[in-house]
Amino acid sequence: MTAECFPRRLRLLSATDFKQVFASACKAGNPHLTILVRANGLAYPRLGMAISRKAVRRAVARNRIKRQLREYFRHHQQQIGNFDLVILCKPGIDKLDKAALRDSVANCFAYMFKRCKPTCINP
RNA sequence: GGAGUUGGCCAGACAGUCGCUGUACCUUCGGGUAUGGAGGAAAGUCCGGGCUCCAUAGGGCAGGGUGCCAGGUAACGCCUGGGCGGCGUGAGCCGACGGAAAGUGCCGCAGAAAAUAUACCGCCGAUGGCCCUUUCGAGGGUACAGGUAAGGGUGAAAUGGUGCGGUAAGAGCGCACCGCGCCGGUGGCAACACGCGGUGGCAGGGCAAACCCCACCCGGAGCAAGACCAAAUAGGGGAACGAUGGUGCGGCCCGCACUGUUCCCGGGUAGGUCGCUUCAGGUGUCCGGUGACGGGCAUCGCAGAUGAAUGGCUGUUCAAGACAGAACCCGGCUUAUCGGCCGACUCCACCU
């Protein structure tokens with residue numbers, strides 16, 4: 001397995017997984033995204049996404065955003081460490097084009113590293 | 001060539017690389033290899049059906065739907081063909097297109113009047129009244145009673161049209177032709193049609209997407225349907241261990257209160273499995289049918305996810321890529337949509 005794959009164990013799969021993150025998470029955000037972070041005690045990070053129908057109305061746009069976020073996670077998973085992430089999308093994110101969306105995601109992750117990682121080591 | 005009508009089709013292409021997911025095979029159980037992986041609307045959820053559970057889904061009531069005829073279909077509010085009406089030079093297009101002499105209701109403004117019709121202006125005033133004249137036969141005037149739907153005016157709509165006769169003036173009052181109703185005949189399965197025959201002077205406005213009447217159709221809920229496995233947890237039933245037990249109140253008896261372990265049944269939450277993709281299936285061809293469609297034969301296997309796959313990046317290329325993402329499955333309808341291709345037909349212009 002290479003360092004940039006994305007099998008099922010790197011995802012948040014159940015409602016309880018999501019609840020745990022929502023219950024005790026460190027938040028980082030920008031106008032388009034919010035990232036919730038929580039240490040998971042495993043050897044790898046896990047990703048979950050929540051894009052509501054309210055935030056992004058069209059199914060095609062929701063799928064596009066989800067794929068972009070997943071790709072970013074897949075390529076940067078080594079830098080994240082053993083944390084669970086839940087990425088929330090805000091209304092208006094579907095107005096961004098491909099490049100702008102990628103910039104926004106990168107920006108948000110950088111902010112998250114700076115703000116949350118130190119505090120999350122001992123949550 | 002220009003303008004147009006109509007039916008169908010396509011929905012950027014190719015290569016590399018990094019990923020996701022179904023299936024098959026291999027596996028040292030880490031994974032590897034091969035091969036599939038969104039749409040014409042996947043959408044809206046507006047109809048119809050399959051499937052599942054509820055009672056076997058039958059009768060009645062309520063409620064809802066459909067509404068020219070025939071056919072197609074699993075079925076339909078869909079499709080095909082035909083009829084009728086309207087629009088268009090035409091190809092064609094559009095139409096909730098049953099009943100208004102079963103009943104109820106509504107018809108703004110304008111207008112006299114909007115429905116058992118009615119007299120505003122106008123016309124007449126034969127007949128009756130009143131006045132005048134009179135040769136006593138009648139004549140003239142008035143517009144009081146009244147007559148009149150020809151003309152004017154209002155309106156979306158005012159009791160069929162034209163002509164002649166008729167009359168005081170008029171009027172289907174009478175007649176001719178046209179229109180209309182009814183009966184019959186002919187053609188057609190039928191809707192319906194007829195430059196066919198007879199008969200009736202003519203019924204008598206519109207709205208049924210107002211209630212309603214008539215005919216036909218419809219039980220309800222939906223894959224979070226439903227079936228199975230099953231940690232946890234509440235309370236329940238049974239059996240065995242068990243000595244008539246143990247603990248508390250009490251000096252003791254009586255009495256009162258609380259109470260064990262194991263197993264099974266049962267229950268069903270989290271979670272999981274099935275339902276879940278092979279089909280009213282696609283393609284080709286032949287036959288039947290005007291057609292929708294049906295039948296025969298051959299051939300193909302074409303998403304099946306479940307915090308939810310079907311993508312990211314790079315390059316080349318062109319006409320520069322719209323609307324848009326399966327969630328049980330089909331048949332329709334409706335709506336969104338960049339650009340392009342093919343077929344059939346119509347009108348106009350030109351050439352031969």
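To find a chain, count down the sequence lines: A is the first, B the second, and so on, and within it residues start at 1.
Arg70(A) has a side-chain polar atom (N or O) that falls below the 4.0 Å cut-off from OP1 or OP2 of U310(B). Note on Arg58(A): a side-chain N or O is less than 4.0 Å away from OP1 or OP2 of A324(B).
Separating the C1' atom of U80(B) from that of G39(B) is a span of 28 Å, rounded to the nearest Å. Of the C1' atoms belonging to G4(B) and G179(B), the separation is 39 Å, rounded to the nearest Å. Nucleotides A38(B) and A327(B) have their C1' atoms positioned 12 Å apart, rounded to a whole Å. A gap of 13 Å separates the C1' atoms of U35(B) and G301(B), to the nearest Å. Rounded to the nearest Å, the gap between the P atom of A208(B) and that of U186(B) is 38 Å. Taking the P atom of each, A15(B) and A34(B) are spaced 16 Å apart, rounded to whole Å. Taking the P atom of each, A102(B) and C182(B) are spaced 14 Å apart, rounded to whole Å. Of the C1' atoms belonging to U314(B) and U21(B), the separation is 24 Å, rounded to the nearest Å.
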Chi angles and distances behind the side-chain contact (heavy atoms from CB on, under 4.5 Å) call for Thr34(A), Lys90(A): CA-CA 8 Å; Thr34(A) 302; Lys90(A) 300 179 185 176; 3.0 Å; yes
Candidate pair Arg57(A) and Arg62(A), rule side-chain contact (heavy atoms from CB on, under 4.5 Å), full reasoning: CA-CA 8 Å; Arg57(A) 211 164 69 77; Arg62(A) 280 201 300 279; 5.7 Å; no
Derivation and outcome, side-chain contact (heavy atoms from CB on, under 4.5 Å), residues Leu101(A) and Ile65(A): CA-CA 8 Å; Leu101(A) 177 62; Ile65(A) 291 161; 4.3 Å; yes
Worked verdict on Asn40(A) versus Asn82(A) for side-chain hydrogen bond (donor to acceptor under 3.5 Å, both in side chains): CA-CA 6 Å; Asn40(A) 60 13; Asn82(A) 55 334; 4.5 Å; no
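Against the 90° criterion about 0, the sugar-base torsion of G137(B) places it in the syn range. The glycosidic torsion of U154(B) lies more than 90° away from 0, which places this base in the anti conformation. Look at G153(B): its glycosidic torsion is beyond 90° from 0, and that puts it in the anti range. Its glycosidic angle being more than 90° from 0, A75(B) falls on the anti side. An anti base is found at G103(B): its glycosidic angle is more than 90° from 0.
Using a 4.0 Å heavy-atom cutoff across all strands shown, Phe6(A) reaches sugar-phosphate atoms only and no base atom. Using a 4.0 Å heavy-atom criterion, one finds that Arg102(A) contacts the sugar-phosphate atoms exclusively.
Closest contact between the side chain of Glu71(A) and the listed nucleotides G325(B), G311(B), C313(B) involves G311(B). For Ala59(A), the listed nucleotide lying nearest its side chain is A326(B); candidates were G312(B), A326(B), G307(B). Taking every side-chain heavy atom of Arg74(A) into account, C18(B) is the closest of G325(B), G307(B), C18(B).
Between the NZ atom of Lys66(A) and the C1' atom of U310(B) there is a distance of 13 Å, rounded to whole Å. In this structure, the CD1 atom of Ile51(A) is 15 Å from the P atom of G325(B), given to the nearest Å. Remark: C1' of G312(B) and NE2 of His76(A) are 12 Å apart, rounded to the nearest angstrom. At whole-Å resolution of the value, CZ in Arg62(A) and P in U310(B) are 15 Å apart. The interatomic distance linking Asn63(A) (CG) with A326(B) (P) rounds to 8 Å, in whole Å. Remark: P of G312(B) and CG of Leu47(A) are 17 Å apart, rounded to the nearest angstrom. Going from atom CZ of Arg9(A) over to atom P of G31(B) covers 8 Å, rounded to whole Å. Per the geometry, CG belonging to Leu69(A) stands 12 Å off P belonging to A308(B), to the nearest Å.
For the atom pair CZ (Arg70(A)) and CD1 (Ile87(A)), the distance works out to 11.0 Å, reported to the nearest 0.5 Å. The distance from the CZ atom of Arg64(A) to the CG atom of Leu96(A) is 8.0 Å, given to the nearest 0.5 Å. The CZ atom of Arg11(A) sits 10.0 Å away from atom CZ of Phe73(A), with the distance rounded to the nearest 0.5 Å.
If you check G311(B) for Watson-Crick or wobble pairing at under 3.5 angstrom, you find it paired to C18(B). Here U167(B) sits opposite no nucleotide as a Watson-Crick or G-U wobble pair (both hydrogen-bonding atom distances under 3.5 Å). Nucleotide U6(B) is matched to G343(B) when pairs are restricted to Watson-Crick or G-U wobble geometry with both distances under 3.5 angstrom. U80(B) and A70(B) make up a base pair, with Watson-Crick or G-U wobble contacts both under 3.5 Å. Across the strands present, U316(B) finds its partner in A13(B); the criterion is a Watson-Crick or G-U wobble pair with both atom distances under 3.5 angstrom. In this entry A158(B) has no Watson-Crick or G-U wobble partner, no candidate having both defining distances under 3.5 Å. In this structure, C61(B) forms no base pair with any nucleotide, since neither Watson-Crick nor G-U wobble geometry is met with both distances under 3.5 Å.
Each of Ala61(A) and Arg64(A) lies near RNA chain B, and the nucleotide nearest Arg64(A) is the one positioned closer to the 5' end. Along RNA chain B, the nucleotide closest to Arg53(A) and the one closest to Phe18(A) are compared, and the more 5′ of them pairs with Arg53(A).
Formation of a donor-acceptor pair under 3.5 Å by the Arg38(A) side chain with backbone atoms of Asp84(A) is not found in this model. At distances below 3.5 Å, at least one donor-acceptor pair connects side-chain atoms of Gln77(A) with backbone N or O atoms of Arg74(A).
Remark: Arg46(A) is not positioned above the aromatic ring of Phe83(A), lacking an NZ or CZ atom under 6.0 angstrom from the ring centre and at most 45 degrees off the axis.
Note on ring orientation: taking the six-membered ring where Trp is involved, the planes of Phe109(A) and Tyr72(A) are tilted (angle from 30° to 60°).
Listed by residue number, Lys98(A) are the residues of residues 92-100 of chain A with a heavy-atom contact under 4.0 Å to RNA chain B.
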What nitrogen or oxygen pairs link the protein and nucleotides 304-306 of chain B at under 3.5 Å?
from, atom 1, to, atom 2, distance (Å)
U306(B), OP1, Arg8(A), NH1, 2.7
U306(B), OP1, Arg8(A), NH2, 3.3

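Not a single donor-acceptor contact under 3.5 angstrom links the side-chain atoms of Arg57(A) to the base of G325(B).
Between Leu33(A) and Cys89(A) the shortest side-chain heavy-atom distance falls below 4.5 Å.
With hydrophobic clusters built from ILVMFWY side chains whose heavy atoms lie under 4.5 angstrom apart, Leu10(A) shares a cluster with Ile80(A).
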